[in-house]
Amino acid sequence: MTTKPTICVYCGSSPGDNPYYLSAARDIGRGIAGEDWRMIYGAGNLGLMGESARSCIDAGGEVIGVIPDHLRFVEGEAMGLTALIRTETMHERKKVMFSTADAFIVLPGGPGTLDETIETLTWRQLGLHEKPFAFVDTDGYWQPFLKLMSHMAEKKFMRHSFLEYYHVAPSPEGAIDAIRAALS
Ligand code: AMP
């Protein structure tokens, strides 16, 4: 395997209620391959997870999947992965994804995506890393979350600098551009 920049993609194991979410996932997968980056993600073949991985592979990209044993038959594994890392626990899975990644892209997703997102951002706050992080805010999906972040800062339960740990892009292309700029 090569040492190209590795982008961790956090996203839903569901497709959402509108095809434009899947379309954004496809664009991220293709975009990562197009930049000659490598993708790491939770290995599932469902929803936005499967769509982004398949698109990256179809575009000639390298994709590493990380899956805990107990989820192998629930989330499945995308076919044609460059590498599949099996872990015993969810915590180990998150650790492998986090430590392998040079940057993070977050697509729309559910509670699992939120958990991964907030953990990565709070670790930045604690000074454990300085890895770039971009939200793909398809159709304003992340606005309620981003509003909550601003509210926390306003009410002084969070430093305002927290709001600078991430870039919010309305489109997948914008997120790719932001990560490219941050990595260069
Ligand atoms: P979701 O956004 O809920 O569709 O989940 C996206 C991914 O996050 C899936 O691979 C889930 O297995 C994973 N996930 C679900 N719950 C958690 C959790 N509590 N911590 C970390 N990852 C999770």
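Start at 1 with the first residue, then count along the sequence. Worth knowing before you read on, the calculation uses all heavy atoms, side chains too, and leaves out hydrogens, waters and symmetry mates. Read the numbers this way: they start at 1 and go in the same order the structure lists the ligands and their atoms. Small disclaimer: the values here were computed from a predicted structure and weren't measured.
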Should the ring pair Y10 and F104 be called parallel, tilted or perpendicular, given that the plane angle runs from 0 to 90° and is split at 30 and 60?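 Because their plane-to-plane angle is under 30°, the rings of Y10 and F104 count as parallel.
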
Ring geometry between F162 and Y166 (parallel below 30°, tilted from 30 to 60°, perpendicular above 60°):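 If you compare the ring of Y166 with that of F162, the planes turn out perpendicular.
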
Number the atoms of ligand 1 from 1 as they appear, then name those within less than 4.0 Å of a heavy atom of [X], with their elements.
X: M90; value: 12 (O), 13 (C), 14 (N), 17 (C), 21 (C), 22 (N), 23 (C)
X: E116; value: 8 (O), 22 (N)
X: D115; value: 18 (C), 20 (N), 21 (C)
X: L71; value: 12 (O)
X: K94; value: 20 (N), 21 (C)

Checking side chain to side chain contact (heavy atoms under 4.5 Å, CB included) between R30 and each of I32, D27, I28, which is the one that passes?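 The side chain to side chain contact (heavy atoms under 4.5 Å, CB included) with R30 is passed solely by D27 among I32, D27, I28.
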
Side chain to side chain contact (heavy atoms under 4.5 Å, CB included) partner of T117, the single match among L121, T120, D115: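 Only match with T117 under side chain to side chain contact (heavy atoms under 4.5 Å, CB included): L121.
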
Min over C11, G110, G109 of heavy-atom distance to atom 6 (C) of ligand 1 lands on C11

Could you go step by step and tell me if E130 and R124 meet the salt bridge (charged side-chain N to carboxylate O under 4.0 Å, His left out) rule? CA-CA 6 Å; E130 290 194 348; R124 171 90 190 250; 5.3 Å; no

Protein heavy atom at shortest distance from [atom]:
atom: atom 12 (O) of ligand 1; value: E75 OE2, 2.4 Å
atom: atom 2 (O) of ligand 1; value: T113 OG1, 2.6 Å
atom: atom 5 (O) of ligand 1; value: G112 CA, 3.5 Å

Verify, without hydrogens or angle tests, whether T122 (side chain) and E119 (backbone) share a donor-acceptor contact under 3.5 angstrom.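 Side chain of T122 to backbone of E119: a pair is present.
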
List the steps, then state whether ring pair (Phe, Tyr, Trp, His ring centres under 6.0 Å) holds for F157 with H151. CA-CA 9 Å; F157 282 103; H151 175 70; 8.6 Å; no

